Structures are given as structure tokens and as C-alpha cells.
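Heads up, the thing below is written out as C-alpha cells.
Quick caveat: nothing in here was measured; it's all calculated off a predicted structure.
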Amino acid sequence: FEYSWQPDEQGLQPVLQLLKDSQSPDTATQRAVQEKLEQLNQYPDFNNYLIFVLTSLKSEDEPTRSLSGLILKNNVKAHYQNFPPAVADFIKRECLNNIGDPSPLIRILITTIASKGELQTWPELLPQLCNLLNSEDYNTCEGSFGALQKICEDSSELLDSDALNRPLNIMIPKFLQFFKHCSPKIRSHAIACVNQFIIGRAQALMDNIDTFIESLFALAGDEDCEVRKNVCRALVMLLEVRIDRLIPHMHSIIQYMLQRTQDADENVALEACEFWLTLAEQPICKEALSGHLVQLIPILVNGMKYSEIDIILLKGDVEEDDNVPDSEQDIKPRFHKSRTVTLQHEGGEGEEGEDIDEDEDDDDDTLSDWNLRKCSAAALDVLANVFRDDLLPHLLPLLKGLLFHPDWVIKESGILVLGAIAEGCMQGMVPYLPELIPHLIQCLCDKKALVRSIACWTLSRYAHWVVSQPPDAHLKPLMTELLKRILDGNKRVQEAACSAFATLEEEACTELVPYLSFILDTLVFTFGKYQHKNLLILYDAIGALADSVGHHLNQLEYIQKLMPPLIQKWNELKDEDKDLFPLLECLSSVATALQSGFLPYCEPVYQRCVTLVQKTLAQAMMYSQQPDQYEAPDKDFMIVALDLLSGLAEGLGGHVDQLVARSNIMTLLFQCMQDTMPEVRQSSFALLGDLTKACFPHVKPCIAEFMPILGTNLNPEFISVCNNATWAIGEICMQMGVEMQPYVALVLPHLVEIINRPNTPKTLLENTAITIGRLGYVCPQEVAPMLQQFIRPWCTSLRNIRDNEEKDSAFRGICVMIGVNPGGVVQDFIFFCDAVASWVSPKDDLRDMFYKILHGFKDQVGEENWQQFSEQFPPILKERLSACYGV
């Protein structure tokens, strides 16, 4: 039975009137239209009239019919589940009967209904659309394909599941037939449909993979740019998913992609350029590409020039704009990276946690849409990391011509090339740097702003080398020029210079101490000069400076320069202002560096952080009780505030005692430690550890409540939360001493499990080992029986840590535990020996403990057995043990 619905005149008139009125610009009419729309929506068959106007009422003009379709689409989106079945069926049928209508709204309607989970309840949709592809009428075929492509994009997983009886077994072979269609638009649809199923490795596609690849090759020379773009996109995805099928043809695919990367259509060139990025991640890259570098490198370098349209968008001819206020949408949202506690390693500063991946190659991020220039630069960067210095013979001849070119666009691209290869080709570039760096420093004064800004970025990529040379050679001239650029009249240059300066600070560390006065004068001057967006980057540069020079900043002259403008900004900002994030991060670094020098400023800063935490918790509470009445809070405010409190506790040490005594921070901390958001817990445990070190008497009364929460958070699913909780437990051990006993059973089993897990990140392993050692130091009787279960990973994870307080207490713990349970270490004694040898200069009493254990073991097994045992030692270990401990 087909439901036959007929419009009647009385019903149709008000609908048409509504559609006419809503095209009126008058606001009063618009308001009336809204009310009328809500009334008509009460009638179930209102939607039937809307589809009727769209598909059947050809007497009406195009805008009216489209508007009718648009209102219907919005109704479907909002209330489709409430449509009576008869209405829904009528609309579906009308859509399919009119699929060839010139109006795209019919296809949008079909896909909107399909996306409402209707694919299951509309079984005839896919077969009918597939049948309609055979229609003689071009519009019908193209319309059906348009709808199918959207459904494939929206529901690729559902289509490849049993839920729908595996329609792809029919659809994919069908789509492949249309690769040869005479219309480019239809060829393009057909490839785009199949492309949706590559990454998910749909079985129906895998069964037809060779036909698919042959069909793609057949389209290689297609004159239509949409088709070429989809062919390139398919090959890039196949490279990730079915490289086995491409390898036999790799030579010709590379030749094809070399052509396409130079395609006159930039969208095609961009898709093709992705091929090199993807290929660089494949193990076969070196072998497949080494013969083609001679062609590829010039193509990539050529793609790195700004296009004419880029230059217009970037206002490349506008040199001075620093008194133009920023528009708010230019300012990217800031994400605060919560505090993670890490340890210092041998031969270098503390390492970044390796679960944090930072991408710094953002040289011109105002065009943050991906384009050929960025893709080419990224491809050159990854290829430099694959081929290392083998890339240079193909590059160096080009570079000279680019870097000294009279046309600024070409010169600019040469500077970008030099920056892109910095990481991969550093060794091979070293001989040229003494000549290149001064040239780049000269480019910092170029008359073109875009040249000045890229020179900032490229120089920052070579900062490590600059710092390794005598300071007068390059560091001093570079720093002087970068500081001038920080005061540039162009905002993009200011931004690039600030970022580059922050990188230079991180590399140079205390090398900058002699120039502090000069640096601070510049940075402080910019407070009055910068517009909104760059102020935020300035905070980062000041924070990085404080991190780099540390306590050297704690001099009255410097404090008087730096603190007044920072505090002035601090006072100008409201509690709801997101600009507080970078400012709080910056102040946290400054407080840690200044230590007691921060005392005069600490009270208002401390109070405000506590207020921010309190406000956020209160709002979260209201939201959880009445979500319809209140907005969810932005918890970043609380996270940043907790991190600044950590910085204060770390910098001020015992001086923070009074502030903590006069506030309810421990109560707030108790709530934060139980927050649903991992980053909040992560920052609360960091603060708990810092307060434990700074003013334990305030923490101690809460330990009984806090320990179970710490125990629950020893869950390595949340690496950083687990890491900070582990560290805090270790700090609490050192303060609690023997009173830690009741809590050992709460935490020890988790710690032992974590240290034995495969693939645990290094930072977490190290902190876990330290905490197990500290726990054993204060409660040896409770921990020593488990020695055998953790001694081997314990020793291997701490051998690369520098001598420091944490390592000292942990090793004392191990020695005490070996005293209680010597049998627990026998099987893994070689690991213990290796860990002991990692100490450069242990304190005398710790050295004695090592000496006793080593000699005790040697006496126990006897001279002959010891000789056999020490034969297994690597020579360097043997030497160290005999030199330091006489064994």
C-alpha cells in the first residue's frame, strides 16, 4: 500500500506565504516568520508541503523552492525521529523520485536522513541509488553519485559491517565500472566513493584491490583536475595501507607523483606532495627514493616559495602594522601543558617527557590552512631526517642561488629550505654555518617583513650550533639582532622573533647571564608596544628566560625591571580572561627562578590562584547538580592556577608556610585530587609534592585522607597523573619516615606492577624506581620481602639518572633493603653492580654502604666464584668497580 498524500489549496497558501515573507529583509517580518514557523511545525503534514514545494511545485521561483528544502532539512536534522512514519516515507519517496532535480537540496536531504541512523530502516535507499547510477539522464546519475559519495563519507564503517548485509560487495565493483565514464564529474565521484574505504581496509575493496589500482593507473593522464586530485589521494592512502601492492610499480608511481607535484592546479600538487611525506615514514623510503632525489629535491624546493595569493593574504607588502589592534579571531586558543615532574639525566638538562610531542615547525601559522609551501617544507624536513647528509649534494648547489637571489620571494624560500633541513642535515651543514649564520643574521634586517620573519625561524633551528661556538662569534650578534626584531614594526616579525628568542634561551641557558640587563630592557619595553596576540608570546619568552638563567635572575636590578610590568598586566586581567594562562605560566617560571626574590609579590599572586581554584570547583559543582541552569567551567583556569602554586612552593620553599596557613588550599586540593579530569589530578599531585617539600606540617594532618586517593591514581593508563602521584608519594615518604608503615600496602603492589610493565615511558619508570627506593628506605621490613620482584628493572631505570638528592635517597633505600633480604638480589647482582657504577661521586656514607654490599657478596661466594662472575662484566664496568670499590 502506497501512502498517497495530496496537498490542498488551504494548506498550501500559508506555507507559500511563509516562504515569501521569510525572504523579506525587514526584522519585524522575520520575527513574525519565526512565530508562524513554530505554529506550522505543529501540523504533522507541514513537512509534506515543504517537500512538495521543493520537488513538484515548478511554478514557484528557485529561491522559494530552495528555502522550502532548507527548512525541511533543518526539521529533519532537529526532529526527524518525531515524524509520523507516513510523513517520513512520503519524504523519502519524493526524494528518490526527484534525485535528478537540479537543486542540490534533494541530495542534502537524502544524506541528512541517512545520517540520522536511517540507513538500517531505509533498506531500499542504497540499491535504488545504485540503480539510478545506470540512468540515461546525466542529472539523475550525477545526483545519485553525489548522494552516495556523502553517504560513503559519513558512514564508511557502517557500510562495511554486517548490520546492512555488506552492501559494499555490490557497491565497490559498481563504483569501479564508473572510473571509465565519459563525464569527469562522475569519474571523480566514483574514485572519491572508493577512497572512503582505503584506510579502513574494507574487505570488499581488498578483494578488488588489483582492479582498483589498475583503474587508477588508467586515469593517470586524466585532463580533469578533480580526477587527478582523487587519484593522487588514493595512491597516498594506498601507500599507508597496501604498500605491498604498490611496490612492483613504485618506479612509475614516483615518476607520476613527480609530475603531479608540479601540477598547474595547486590542489592536485598539494595532494601529490603528501605522497613524499607519507613515503618518508615507510621503511622502503630510502631504497625507493634514492635514485629520484635528483628530480625530487628541486621540485620540493620550488614548491616552498610563497604563491602570489599567499603574499596578498599575508599582506606581504605591509611593512608596519604594529599599532593596528589584533582581531580576536586571529588569536589561537591556548592550551596549557600541565606540569610533569621529571628527573635530570646524564649529560644534559632534564629531558622533556617523551609522551609529549611538540610540533614547532609552525613558521607562518596565520595561514594555518595546509598549503603546498607547508607540505613541501614538511616533506623536505622528514626526508632530511631519512637521508641525512646524502641530501646535501642535491641541495647545496641550489641553496647558494636561492639565498643570495635578488628577488625576495626566492630568497625567502631559500631561508625556509635551510631551516627545514636543519634537523636532519645538521652534521653536513656544520662546515658552511660559519659563513651562513652571519648571512642569516643580515637577513634579519631585510627590508621585507616576510624575509625577516623566516630568518628568525631558521636561525632558531640552528640555535644549538650557535651556542656551541664562542659567544662573541655568533651568539652575541644573533641575540642583539633578535632583540631588535622583537621591537620590529611588523607583528609577524615580532612574533617570529619572540619565538626564536625563546628557543635561543632554552639552548643558551646561563650563557645569557652576562646580557640579562640588556635582554630585560628590550622585553620590558615591548609590554607597552605589543598588541594582544604577541603579548601572549612575549610571556612565553620571559618564562623561557627565567627557566634558562634560573637563580641568576634573582638580583634587585633585574627584579625591579621585570616585576612591575608583569604585575600591572596581572592586575589588569579579570579572573575570566584566558590571557591569564600564559601569564600564570610565565609567573610560575619567574617565581621558581627568583626564589626569595619573589616574596614581595607572592601574596596577591597566591591569593588569586586559590580564588581561581575555588571559583572553578564551585562552578563545576553547580554544573553537575543543574546542568541545564549552569555552564560547565573551563577547568584550565584551575589547572594553570595549581601549576603556579607549585611554582611558588618550589621557588619560595619554607616562605610559603604563612600563605598556606592562612588559606584553605588543603581542602581545595582534596577536591582537585578527585576531579574527573586527568589534567586537574596531574597538577594537584605536583602541587601536593611541592607543598610536602616546602611546608609538610600543613600536609601531614591530611595524609590519612590523601593516601588512598594517591593509591587509586597509580594507574599507568594516565601516564602523567600516575607519574606525579608516584613522585608525590616519594616526597611524602621522606617526610613521614617510619609513620609511612600503614600505607605501604596501599601503594607498593601498584608500584611494583608499573616498574615491571613493558613499554612504560622512561619518566614514569624513573619516578617509580625512586619512590620504591624511598618507601624501602623508611619501611625496609615491609618492602624488602618484594626485592626480587623489582630489583632488575629498578637498577636499569636509574642507571642514567644524574647524581642528585632523589637518586641518593632511593639508593640508600635499596642498600637497607639488601641488608634485610640479601637473597632477593642474588640472581640480579650484576644489575646492582652496574647501577652502583653509574654514580660519579656518591656521599661518603653511601659509598661505604656500596662497599660493604659488594665486598660482602664477594666474600660470600668466594674469590674463585667472584672471578667467574666478574668475567661477565663489560670492561668499563669492571674498571669502575675496581677503581672505586676495590672489587
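Take N131 and apply the side-chain hydrogen bond (donor to acceptor under 3.5 Å, both in side chains) test, not counting sequence neighbours, and it matches no residue.
Of the charged side-chain nitrogens involved, at least one lies within less than 4.0 Å of a carboxylate oxygen, so that D160 and R166 count as a salt-bridged pair. Taking the charged nitrogens against the carboxylate oxygens, K229 and E271 have no contact shorter than 4.0 Å, which rules out a salt bridge. The residues K578 and D634 are annotated as salt-bridged, a charged nitrogen and a carboxylate oxygen being separated by less than 4.0 angstrom. Taking a cutoff of 4.0 Å between a charged side-chain nitrogen and a carboxylate oxygen, E495 and K533 qualify as a salt bridge. Between R65 and D61 no salt bridge is recorded (no basic side-chain N to carboxylate O distance below 4.0 Å). In summary, R187 and D224 do not engage in a salt bridge, as defined by a charged side-chain N under 4.0 Å from a carboxylate O. Classification of R260 and D263 as a salt-bridged pair holds, one side-chain N sitting under 4.0 Å from a carboxylate O.
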**Item:** Chi angles and distances behind the side chain to side chain contact (heavy atoms under 4.5 Å, CB included) call for Y138, S183
**Value:** CA-CA 9 Å; Y138 171 79; S183 149; 3.4 Å; yes
**Asked** Step by step, would you call S413 with Y306 a side chain to side chain contact (heavy atoms under 4.5 Å, CB included)?
**Response** CA-CA 7 Å; S413 71; Y306 275 125; over 6 Å; no
**Request:** Test E35 against Q39 for side chain to side chain donor-acceptor pair (under 3.5 Å), laying out the working first.
**Result:** CA-CA 6 Å; E35 281 171 31; Q39 283 168 17; 5.6 Å; no
**Message:** Let's go through D321 and K315 carefully: what are the C-alpha distance in whole Å and the side-chain angles of both, what is the deciding distance for side chain to side chain contact (heavy atoms under 4.5 Å, CB included) to 0.1 Å, and is it a yes or a no?
**Reply:** CA-CA 10 Å; D321 60 0; K315 307 192 173 63; over 6 Å; no
**Message:** What verdict does the salt bridge (Lys or Arg N to Asp or Glu O under 4.0 Å) test give for K150 and D154, after you've listed the backbone C-alpha separation in whole Å, the side-chain angles of each residue and the deciding distance to 0.1 Å?
**Reply:** CA-CA 6 Å; K150 186 80 175 75; D154 290 345; 3.0 Å; yes
**Stepwise ring-ring contact (aromatic ring centres under 6.0 Å, His included) check, Y80 with F83** = CA-CA 5 Å; Y80 186 74; F83 283 19; 5.3 Å; yes
**Message:** Could you go through L238 and R245, starting from their C-alpha distance and side-chain angles, then the distance that decides it, and tell me whether this counts as side chain to side chain contact (heavy atoms under 4.5 Å, CB included)?
**Reply:** CA-CA 8 Å; L238 287 167; R245 281 291 182 257; over 6 Å; no
**Message:** Using salt bridge (Lys or Arg N to Asp or Glu O under 4.0 Å), reason through R373 and D310 one step at a time and then give a plain yes or no.
**Reply:** CA-CA 10 Å; R373 163 189 168 93; D310 288 341; 5.8 Å; no
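For the pair F637 and D575, the tightest heavy-atom approach, listed with the atom from each and the gap, is CE2-O, 3.4 Å. For L258 against W276, the heavy-atom pair with the smallest separation is N-CZ2, 3.7 Å. L246 and L239 get closest at one heavy-atom pair: CD1-N, 3.7 Å. In terms of heavy-atom proximity, L129 sits nearest to S144 at O-CB, 3.7 Å. Of all non-hydrogen atoms in A620 and K635, the two that sit nearest each other are CB-CE, 4.4 Å.
To the nearest 0.5 Å, atoms CG (L450) and CD1 (I311) are separated by 7.0 Å. Note that CZ of R242 is 5.5 Å distant from CD1 of I209, once rounded to the nearest 0.5 Å.
With R228 contributing its side chain and E223 its backbone, the two residues share a donor-acceptor pair below 3.5 Å. Panel note: side chain R201, backbone V241; a donor-acceptor pair is recorded below 3.5 Å. No side-chain donor-acceptor contact under 3.5 Å links Q262 to the backbone of A269. At distances below 3.5 Å, not a single donor-acceptor pair connects side-chain atoms of N208 with backbone N or O atoms of T211. Judged by distance alone, with hydrogens and angles left aside, the side-chain atoms of N534 form no donor-acceptor pair with the main-chain N or O of I537 at under 3.5 Å. Checking side-chain atoms of D162 against main-chain N and O of N165 turns up no donor-acceptor pair under 3.5 Å. The backbone N or O of D322 lies less than 3.5 Å from a partner atom in the side chain of Q531, making a donor-acceptor pair. Listed for the D636 side chain is no donor-acceptor partner under 3.5 Å among the backbone atoms of F581. Judged by distance alone, with hydrogens and angles left aside, the side-chain atoms of T55 form no donor-acceptor pair with the main-chain N or O of E94 at under 3.5 Å. Between the side chain of S624 and the main chain of M621, a donor-acceptor pair closer than 3.5 Å is present.
The list of ring-ring contact (aromatic ring centres under 6.0 Å, His included) pairs with a residue in residues 144-172, not counting sequence neighbours, reads F145-F175, F145-F178, F145-H189.
For the pair D222 and V231, the minimum side-chain heavy-atom distance is 4.5 Å or more. Between K92 and W122 the shortest side-chain heavy-atom distance falls below 4.5 Å.
Side chains of N230 and S188: a donor-acceptor N/O pair is present below 3.5 angstrom, by distance only. In the model, D26 has no side-chain atom that pairs as donor or acceptor with a side-chain atom of Q30 under 3.5 Å. For T64 and Q23, the side-chain atoms include at least one donor-acceptor pair closer than 3.5 Å. Side chains of N490 and Q494: a donor-acceptor N/O pair is absent below 3.5 angstrom, by distance only. E274 and W370 share a side-chain donor-acceptor pair at under 3.5 Å. Looking only at atom types and distance, the side chain of D579 has a donor-acceptor partner in the side chain of H532 under 3.5 Å away. E153 and Q149 share a side-chain donor-acceptor pair at under 3.5 Å.
More than 12 heavy atoms of other residues, nucleotides or ligands shown are found within 6.0 angstrom of CG on D8. Heavy atoms of other residues, nucleotides or ligands lying less than 6.0 angstrom from CD of Q81 number more than 12. In this structure, E572 places its CD atom where more than 12 heavy-atom neighbours from other residues, nucleotides or ligands lie under 6.0 Å away. Shown here is E157, whose CD atom has no more than 12 heavy atoms of other residues, nucleotides or ligands within 6.0 Å. Counted within 6.0 Å of CD on Q629, heavy atoms from surrounding residues, nucleotides or ligands total more than 12; the atom is thus considered enclosed. The 12-atom threshold is not exceeded at NZ of K185, counting heavy atoms of other residues, nucleotides or ligands nearer than 6.0 Å.
Ring centroids of Y256 and F217 are separated by 6.0 Å or more, keeping the two rings apart.
None of I198, D207, I172 except one satisfies the side-chain contact (heavy atoms from CB on, under 4.5 Å) rule with F212; the exception is I198. Checking each of L54, L18, L19, L72 against L67 for a side-chain contact (heavy atoms from CB on, under 4.5 Å) leaves exactly one that passes, namely L19.
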